[in-house]
J.: 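Below you'll find the structure I mean.
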Amino acid sequence: MVDSGRRVQILYTARLQDGTVIDGSDLHEGHPLEFVIGAQQVIPGLDKTVEGMDAFECRTVTIPAEEAYGAYDDALCETVPFNEFPNAEKLSAGEFIMLSISGDKVRVKVDRIEDGLIYFDFNHEYAGHDLTFSIEVISVFGETGSAVENEKHAAGCACGCHKLKEQLQT
């Protein structure tokens, strides 16, 4: 079973409620997603779902917006006068741009441009959306390790476990 603090690898597909695939292992050349349970490396709902699953277990779950990218927050929208924004003429409604704010790079959506104003939306693009994840746990690493990693044998035993342990470490 996957416990907090354990490193896991999963294959996954993330979908919006209308079935649109927004992320997944297939979009990353089939590479699994690797993270440590409880380390806040993934959205909270995914962390909670994978914790308690077993290696090779598959599960499909819907994660509410609050445990995914959060509720949509109107306070995270801002307007800027068109003539005060550098290169405003190059912006298009609906596109995402990177802004440097206090030294940090922030991805922002240009929501619309009208009446001499640019409307920026700082919400995550999936804020306010429940997400459906299909998940398969393919590897579990960590303190408890596999049966081979945990075997206690006398030094120099002839069972071959040392060869398996060496393979696991490479």
Side-chain angles (χ1 to χ4, degrees), residues 2-53 59-144 169-170:
V2 180
D3 297 318
S4 186
R6 302 281 299 272
R7 186 168 47 94
V8 296
Q9 287 183 333
I10 64 170
L11 296 176
Y12 72 102
T13 302
R15 292 180 172 79
L16 296 174
Q17 292 306 163
D18 68 2
T20 302
V21 174
I22 60 166
D23 197 11
S25 304
D26 289 345
L27 299 176
H28 302 283
E29 300 177 0
H31 294 288
L33 174 63
E34 186 172 313
F35 62 98
V36 176
I37 298 294
Q40 300 177 345
Q41 297 172 331
V42 295
I43 60 174
L46 184 58
D47 223 6
K48 289 177 186 175
T49 298
V50 175
E51 185 174 9
M53 289 179 68
R59 190 177 290 178
T60 298
V61 343
T62 298
I63 297 173
E66 293 73 23
E67 293 187 8
Y69 294 100
Y72 188 86
D73 185 352
D74 288 326
L76 294 176
C77 296
E78 185 176 318
T79 58
V80 175
F82 187 86
N83 60 358
E84 292 182 19
F85 192 82
N87 300 312
E89 67 282 353
K90 294 180 181 179
L91 298 177
S92 299
E95 77 173 313
F96 287 87
I97 63 171
M98 296 299 289
L99 295 179
S100 182
I101 299 175
S102 300
D104 292 326
K105 295 284 186 184
V106 179
R107 187 171 185 251
V108 179
K109 181 179 181 182
V110 178
D111 189 47
R112 64 189 187 280
I113 303 170
E114 62 186 30
D115 300 326
L117 296 171
I118 305 168
Y119 292 79
F120 290 113
D121 186 345
F122 287 80
N123 284 285
H124 188 280
E125 67 186 294
Y126 300 119
H129 292 276
D130 296 341
L131 304 177
T132 299
F133 278 79
S134 298
I135 303 163
E136 178 182 2
V137 177
I138 60 169
S139 297
V140 180
F141 309 93
E143 293 177 359
T144 58
Q169 293 174 353
T170 59

J.: If we only count heavy atoms from C-beta on, is the Val50 to Phe35 side-chain gap below 4.5 Å?
T.: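 Of all side-chain heavy-atom pairs linking Phe35 with Val50, at least one is under 4.5 Å.
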
J.: To the nearest 0.5 Å, tell me how far Leu131 CG sits from Thr20 OG1.
T.: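 With rounding to 0.5 Å, CG (Leu131) is 11.5 Å from OG1 (Thr20).
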
J.: What residues, two or more places apart in sequence or in another chain, satisfy ring pair (Phe, Tyr, Trp, His ring centres under 6.0 Å) together with Phe122?
T.: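 For Phe122, no residue satisfies ring pair (Phe, Tyr, Trp, His ring centres under 6.0 Å) once neighbours in sequence are set aside.
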
J.: Got a sec, which residues hit salt bridge (charged side-chain N to carboxylate O under 4.0 Å, His left out) with Glu125, two or more places apart in sequence or on another chain?
T.: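 With sequence neighbours excluded, Glu125 shows a salt bridge (charged side-chain N to carboxylate O under 4.0 Å, His left out) to Arg107, given in chain and number order.
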
J.: Indicate the atoms forming the closest heavy-atom contact of Pro44 with Ala68, along with that distance.
T.: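 Between these two residues, the closest heavy atoms are CD-O, 4.0 Å.
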
J.: Roughly how far apart are Glu78 CD and Phe120 CZ, rounded to 0.5 Å?
T.: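 Rounded to the nearest 0.5 Å, the CD-CZ separation comes out at 8.0 Å.
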
J.: To the nearest 0.5 Å, tell me how far His28 NE2 sits from Tyr12 OH.
T.: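 One finds 4.0 Å between NE2 of His28 and OH of Tyr12.
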
J.: Check the orientation of Tyr126 and His129. Use parallel for under 30°, tilted for 30 to 60°, and perpendicular for over 60°.
T.: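 Judged by the thresholds at 30° and 60°, the geometry between Tyr126 and His129 is perpendicular.
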
J.: What heavy-atom pair brings Ile63 and Gly45 nearest, and what distance separates the two atoms?
T.: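 Closest approach of Ile63 to Gly45, heavy atoms only: CD1-C, 3.5 Å.
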
J.: Does any part of the side chain of Asp130, heavy atoms only, come nearer than 4.5 Å to the side chain of Pro64, both counted from C-beta?
T.: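 Yes. Closest side-chain heavy atoms under 4.5 Å.
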
J.: Does a side-chain heavy-atom distance below 4.5 Å link Thr60 with Thr132?
T.: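 Thr60 reaches Thr132 side chain to side chain.
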
J.: Between Asp111, Thr79, Asn83, Leu91, which is the residue that forms a side-chain contact (heavy atoms from CB on, under 4.5 Å) with Ile118?
T.: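 Testing each of Asp111, Thr79, Asn83, Leu91 against Ile118, the sole residue satisfying side-chain contact (heavy atoms from CB on, under 4.5 Å) is Leu91.
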
J.: Please check this pair: side chain of Gln41 against backbone of Val36, looking for a donor-acceptor N/O pair closer than 3.5 Å.
T.: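 Side chain of Gln41 to backbone of Val36: a pair is present.
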
J.: For atom CD of Glu95, is the number of surrounding heavy atoms from other residues, nucleotides or ligands below 6.0 Å larger than 12?
T.: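 Atom CD in Glu95 is packed in, count exceeds 12.
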
J.: Would you mind reporting whether Ser134 and Arg15 have side-chain heavy atoms less than 4.5 Å apart?
T.: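 In contact.
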
J.: Under a 4.5 Å cut-off applied to non-hydrogen side-chain atoms, are Tyr69 and Asn123 in contact?
T.: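 Side-chain contact under 4.5 Å: no.
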
